[in-house]
Amino acid sequence: MRIEEKVKGSQITLVPYRRYHVPKYNSWMQRAELQELTESEPLNLEQELEMCDTWEKDNDKITFIIVCNPAGDSSPDPDTVEAKQAAEIEQMVGDVNVFFHGDPACDWPEVEVMVAETGERRRGIGTEAVKLIMKWTLEKFGNTVKGFIAKILDHNVPSINCFTKKLHFEEFKKVEVFHEVHFRSTEQTLAEVKATDCTVVPTSL
């Protein structure tokens with residue numbers, strides 16, 4: 001989905017996935033650990049660029065890159081497009097997605113998050129990213145979306161804890177053939193998401 005907004009929270013900002021993010025993203029996805037956790041195959045750079053273009057055209061996929069906010073407000077904002085892009089790339093730590101699985105009218109889309117930079121884990125970044133993308137999705141598709149599901153490998157304990165203990169998702173299904181556990185949001189999840197403080201601004205700013 002072509003997105004022209006970014007979503008700023010307390011620690012992070014979600015920015016739309018663009019081609020200039022792809023080289024760093026592609027370098028992440030060469031790691032066996034991330035391939036396993038995301039159940040994906042490695043792509044070369046050209047394939048990853050094509051995938052980025054495809055996702056931008058597909059109306060059933062929402063993809064944001066997670067960018068850490070600068071510490072403090074003393075440094076001036078970059079004053080050129082190239083400098084802004086370079087700053088984003090430097091602060092990239094992962095991505096967060098919502099999938100409608102071929103049906104933009106899907107009322108329980110899937111949400112997933114990846115914090116690729118290991119040094120940025122266990123800081124609440126993944127939790128905040130999921131809250132921000134769920135809030136953005138609810139505001140854009142509020143008449144359709146009733147809640148969210150998450151499909152997590154059964155041995156990915158940190159992700160399971162994030163969704164159950166911090167985001168208050170509840171388990172509703174096990175898919176043993178894929179070693180997955182499926183969770184869904186609760187009323188408490190949605191109430192906390194709607195109360196999440198964030199600022200949505202055009203990507204041009």
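The structure presented is a predicted model; accordingly, all values stated were derived computationally and were not measured.
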Determine whether a donor-acceptor pair (N or O, by modelled atom type, separation under 3.5 Å) exists between the side chain of [X] and the backbone of [Y].
{"X": "Arg31", "Y": "Ala116", "value": "yes"}
{"X": "Lys24", "Y": "Ile89", "value": "yes"}
{"X": "Asp58", "Y": "Asp60", "value": "no"}
{"X": "Gln30", "Y": "Asn44", "value": "no"}
{"X": "Gln35", "Y": "Met29", "value": "yes"}
{"X": "Ser185", "Y": "Phe148", "value": "yes"}
{"X": "Thr189", "Y": "His168", "value": "yes"}
{"X": "Glu180", "Y": "Glu176", "value": "no"}

I would like to know whether Cys162 and Arg122 meet side-chain contact (heavy atoms from CB on, under 4.5 Å); could you show each step before the answer? CA-CA 9 Å; Cys162 171; Arg122 292 181 171 83; over 6 Å; no
Please examine the side chains of [Y] and [X], heavy atoms only from C-beta on, and report whether any two atoms are closer than 4.5 Å.
{"X": "Gln47", "Y": "Met51", "answer": "no"}
{"X": "Lys151", "Y": "Phe178", "answer": "no"}
{"X": "Tyr25", "Y": "Leu45", "answer": "no"}
{"X": "Glu56", "Y": "Arg18", "answer": "yes"}

Has Glu187 got more than 12 heavy atoms of other residues, nucleotides or ligands less than 6.0 Å from its CD? no
Under 3.5 Å, is there a donor on one side chain and an acceptor on the other for [X] and [Y]?
{"X": "Thr13", "Y": "Asn69", "result": "yes"}
{"X": "Glu128", "Y": "Ser10", "result": "yes"}
{"X": "Asp95", "Y": "Asn97", "result": "yes"}

Run Glu36 and His155 through side chain to side chain donor-acceptor pair (under 3.5 Å) and show every step you take. CA-CA 11 Å; Glu36 179 194 4; His155 61 275; 2.9 Å; yes
Hphob cluster co-occupancy, [X] + [Y], side-chain heavy atoms under 4.5 angstrom:
{"X": "Ile62", "Y": "Leu138", "answer": "yes"}
{"X": "Met114", "Y": "Val130", "answer": "no"}
{"X": "Val145", "Y": "Leu14", "answer": "yes"}
{"X": "Val15", "Y": "Ile125", "answer": "no"}

Taking only residues at least two apart or on different chains, which pairs with a member in residues 28-62 satisfy ring-ring contact (aromatic ring centres under 6.0 Å, His included)? Trp55-Phe99
Should the pair [X]-[Y] be classified as a salt bridge under the 4.0 Å nitrogen-to-oxygen rule?
{"X": "Glu192", "Y": "Lys135", "value": "no"}
{"X": "Arg184", "Y": "Glu171", "value": "no"}
{"X": "Arg121", "Y": "Glu33", "value": "yes"}
{"X": "Lys174", "Y": "Asp154", "value": "no"}
{"X": "Arg2", "Y": "Glu4", "value": "yes"}

Derivation and outcome, ring pair (Phe, Tyr, Trp, His ring centres under 6.0 Å), residues Phe169 and Phe163: CA-CA 5 Å; Phe169 277 55; Phe163 276 89; 5.1 Å; yes
Please verify the inter-ring angle class for Trp136 with Phe141; under 30° counts as parallel, over 60° as perpendicular, anything in between as tilted. perpendicular
